[in-house]
Amino acid sequence: MKFPSSKPLSCSYIIIFSILLVFNIFHNTTGSTTRLPKNETVPAVIIFGDSIVDTGNNNYIETVAKCDFTPYGRDYIGGKPTGRFSNGKVPADFLAEIFGVKKILPAYLDPNLQLQDLLTGVSFASGGAGYDPLTAKIASVLSLSDQLDLFKNYIKKIKKAVGESRTATILSKSIFIVCAGSNDIANTYFSTPFRGAHYDIPGYTDLMVRSATSFLQELYGLGARRIVVSIPSIGCVPSQRTLAGGILRGCSESANQAAILFNSKLSSQVDSINKRLADARLVYLDIYNPLLAIIQNPSQYGFQGANKGCCGTGKIEVSILCTSFSPETCTNASEYVFWDSYHPSEQASKILTSIVLDDYIYKFF
C-alpha cells in the first residue's frame, strides 16, 4: 500500500465498506467532560479502522470506496460532503466531543492539518479496511498496517514539536479506538471466494483475532494504553438483509453468528492482554446487543424503521451507488437508523452512543 506522497493506489474491482460501530460517542450538553471519573482529562482521541470512523482519509487515496460527493454530508456543517460515510458527523467526531477534546476529528491525510489538530487527535481510519490484511487489498484502501505506519509518522511529528516527555503523556492518556472487523465478515468472507474456500467460520475468526491481537500489542508498544474494540450485529445492516436475508430480507444469521463468535474470542484476548501488559486499559465494548435492540425496536428510539437506509431505496445503495441522483432518497435522515445500506445515520450514532457510554466509560481510567 502506497501513501499519497508515493505512487497512487490501484482502483479496486469491488466496493468494500464497513459498518463496525465499535464506539459511537455522543453528548448533547456543553459540559461533556463532566462524565469523566476522578477529574480525568483526555488530551487526544486517536482512531484506526474502517469507514464508520473514516473522517476523510479515503479522499486522498485512489479507491472506489469514497463518499466525497452529495448527498453524503448533507446534514454536516455547511451541508458539504467531507469523505465521512454519513449524512452528518460520524462516531469519531462524537467521541472527540464527549471526551472534551474537540467537536470534529480530522483525517490524518488532510493536507490542511495544523499542529493543534495533531496534538488533540486524528483519525487514521480508511473505509474498507479490516483485521484481515486481504480486506484492505481488495478495496485498495489503507490497511491497519498502513495506518500503523502513518501513526508512527504522527508520533515523530509531535515529538519534534513538543518533545519526548509530552508526547509520551499524550499517548498514554489518550483514548484509542480500533474500529474494524465487519468488512472481514460481511465482504471478504461471505462476498468473495478468497477466504471461504480455505477457512470455516471458526478458523476465519481465529485469523481475525490473531491479526487484532498483533495490532493491539503494536499499539501498546508505541505508547497507547486506553484502547477500545468490538464488532456489531453486521448481519442486520440493510445490505446484508438484501444479499443474504432471503425474500423477506431478514437478518443474515450466518454473519451475525460469525460476529458473535469473533466478539467472544476478542473479549477473551482483551482480558489476556490486560493481564500480561502493565498499565494496559483495553476495553471490550458490547455494541452488538445495543445496536440489535435499536434495529429490532426502532420506534422505541424514535425511528420509522431499520431494514433500509435513507439513501435511494435504502436496500443496497452505498458510496458511488448513493448519489444525488438516487431515487427515493428520504428527506429526513434522522428518522432512519441507517443513512445508506451500510452506515448509520448521524441520529442513530447519537442514540447508540448514549446507551453504550455510561456502562463503559469508567473502564478507561
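Every value quoted in this text rests on a predicted model; they were computed, and no experiment measured them.
For residues 202-215, the salt bridge (charged side-chain N to carboxylate O under 4.0 Å, His left out) pairs, not counting sequence neighbours, are Asp206-Lys265. Applying the salt bridge (charged side-chain N to carboxylate O under 4.0 Å, His left out) test to residues at least two apart or on different chains, the pairs with a partner in residues 71-87 are Arg84-Asp93. Screening residues 221-244 for ring pair (Phe, Tyr, Trp, His ring centres under 6.0 Å), with sequence neighbours left out, gives no hits. Residue pairs meeting the salt bridge (charged side-chain N to carboxylate O under 4.0 Å, His left out) criterion with at least one member in residues 317-326, sequence neighbours excluded, do not occur. Under the disulfide (SG to SG under 2.5 Å) criterion, the residue pairs touching residues 191-256 are Cys236-Cys251, with sequence neighbours excluded. For residues 233-246, the set of pairs meeting the salt bridge (charged side-chain N to carboxylate O under 4.0 Å, His left out) definition, not counting sequence neighbours, is empty.
Under 3.5 Å, the side chains of Asp271 and Ser268 contain no donor-acceptor pair of N or O atoms. A donor atom on one side chain and an acceptor atom on the other are found under 3.5 Å apart for Ser126 and Asn58. In this model, no donor atom of one side chain and acceptor atom of the other lie less than 3.5 Å apart for Glu328 and Thr313.
In this structure, the side chains of Gln347 and Phe303 come closer than 4.5 Å at one or more pairs of heavy atoms. At a threshold of 4.5 Å between non-hydrogen side-chain atoms, the residues Ile47 and Leu105 count as touching. Contact of the Arg281 side chain with the Ile227 side chain is not registered, since no non-hydrogen atoms from C-beta on lie closer than 4.5 Å. Ile138 places a side-chain heavy atom less than 4.5 Å from the side chain of Thr188. Put simply, the side chain of Leu207 does not reach to within 4.5 Å of the side chain of Tyr131, judged on heavy atoms. In this structure, the side chains of Thr169 and Pro43 stay at 4.5 Å or more apart for every pair of heavy atoms. Two residues are said to be in side-chain contact when any heavy atoms from C-beta on lie closer than 4.5 Å; Trp339 and Glu346 fail this criterion. Side-chain contact between Arg195 and Leu134: present, with at least one pair of heavy atoms (C-beta onward) separated by less than 4.5 Å.
Leu292 contributes atom CG, which lies 4.5 Å from atom OG of Ser233 (distance to the nearest 0.5 angstrom). For the atom pair CD1 (Ile104) and CD (Glu97), the distance works out to 8.0 Å, reported to the nearest 0.5 Å. Distance check: Tyr288 OH to Ser264 OG gives 12.5 Å after rounding to the nearest 0.5 Å. One distance of note links CD1 of Ile52 with CG of Asp50; it measures 7.5 Å at 0.5 Å rounding. Atoms CG and CD, from Leu222 and Glu218 in turn, are 7.0 Å apart once rounded to the nearest 0.5 Å. Atom SG of Cys67 sits about 4.0 Å away from atom CZ of Phe85, to the nearest 0.5 Å.
Cluster membership for Leu277 and Tyr284, using ILVMFWY side-chain heavy atoms within less than 4.5 angstrom, is shared. Under the 4.5 Å side-chain heavy-atom criterion for grouping Ile, Leu, Val, Met, Phe, Trp and Tyr, Leu261 is connected to Ile185 within one hydrophobic cluster. Neither Val318 nor Leu243 shares a network with the other; the hydrophobic side chains, linked directly or stepwise wherever heavy atoms of I, L, V, M, F, W or Y lie under 4.5 Å apart, form separate groups for each. Transitive grouping of hydrophobic side chains (ILVMFWY, heavy atoms separated by less than 4.5 Å) keeps Val90 and Tyr336 in distinct clusters. Clustering ILVMFWY residues whenever any of their side-chain heavy atoms sit less than 4.5 angstrom apart, transitively, puts Ile260 in a cluster other than the one holding Val270.
Figure legend: cation-pi geometry between Arg226 and Phe176 absent, as NZ or CZ is not positioned both under 6.0 Å from the six-membered ring centre and within 45° of its axis.
In this structure, the side chain of Lys102 engages the main chain of Gly121 through a donor-acceptor pair within 3.5 Å. For the pair Ser191 (side chain) and Ala186 (backbone), a donor-acceptor distance under 3.5 Å is present. For Ser341 (side chain) and Ile316 (main-chain N/O), a donor-acceptor pair under 3.5 Å exists by modelled atom type. Of the possible polar contacts, none joining the Ser211 side chain to the Met208 backbone as a donor-acceptor pair under 3.5 Å is found. Checking side-chain atoms of Ser174 against main-chain N and O of Ile170 turns up a donor-acceptor pair under 3.5 Å. The closest donor-acceptor contact from the side chain of Ser143 to the backbone of Pro133 lies at 3.5 Å or more, if one exists at all. With hydrogens and angles disregarded, a donor-acceptor distance shorter than 3.5 Å links the side chain of Thr55 to the backbone of Ala107. The backbone N or O of Leu142 sits less than 3.5 Å from a side-chain atom of Gln147, completing a donor-acceptor pair. At distances below 3.5 Å, at least one donor-acceptor pair connects side-chain atoms of Ser86 with backbone N or O atoms of Lys89. Under a 3.5 Å cut-off, the side chain of Gln296 and the backbone N or O of Ile294 do not form any donor-acceptor pair.
For the residue pair Ile273 and Thr213, the shortest heavy atom distance occurs at CD1-CG2, 4.1 Å. Across all their heavy atoms, Val141 and Ile61 have their closest contact at CA-CD1, 3.7 Å. In terms of heavy atoms, Ala306 sits closest to Val337 at CB-CG2, 3.7 Å. When all heavy atoms of Leu119 and Arg166 are compared, the pair lying nearest together is CD1-NH2, 3.9 Å.
Here Ser254 pairs with Phe190, Ser252 under the side chain to side chain contact (heavy atoms under 4.5 Å, CB included) rule; sequence neighbours left out. With sequence neighbours left out, the ring-ring contact (aromatic ring centres under 6.0 Å, His included) criterion links Tyr108 to Phe124. Applying the ring-ring contact (aromatic ring centres under 6.0 Å, His included) test to Phe69 and every residue at least two apart in sequence or in another chain returns Tyr72. Take Asn289 and apply the side chain to side chain contact (heavy atoms under 4.5 Å, CB included) test, not counting sequence neighbours, and it matches Asp286. Partners of Thr70 under the side chain to side chain contact (heavy atoms under 4.5 Å, CB included) rule, at least two apart in sequence or in another chain, are Pro81, Ser324. Residues passing the side chain to side chain donor-acceptor pair (under 3.5 Å) test with Ser272 are Arg276, sequence neighbours excluded.
For the two cysteine residues Cys310 and Cys330, the thiol sulfurs sit under 2.5 Å apart.
In this structure, Phe151 has its ring center closer than 6.0 angstrom to the ring center of Phe48. For Phe194 and Tyr189, the gap between ring centers reaches or exceeds 6.0 Å.
With respect to the salt-bridge test (charged N to carboxylate O, under 4.0 angstrom), the residues Lys159 and Glu164 qualify.
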Please step through side chain to side chain contact (heavy atoms under 4.5 Å, CB included) for the pair Leu150 and Leu109, ending with a clear verdict.
-> CA-CA 9 Å; Leu150 291 176; Leu109 295 184; 4.1 Å; yes
For side chain to side chain contact (heavy atoms under 4.5 Å, CB included), just list the numbers for Asp340 and Asn87, CA-CA rounded to whole Å, side-chain angles, deciding distance to a tenth of an Å, and then say yes or no.
-> CA-CA 9 Å; Asp340 58 23; Asn87 59 301; over 6 Å; no
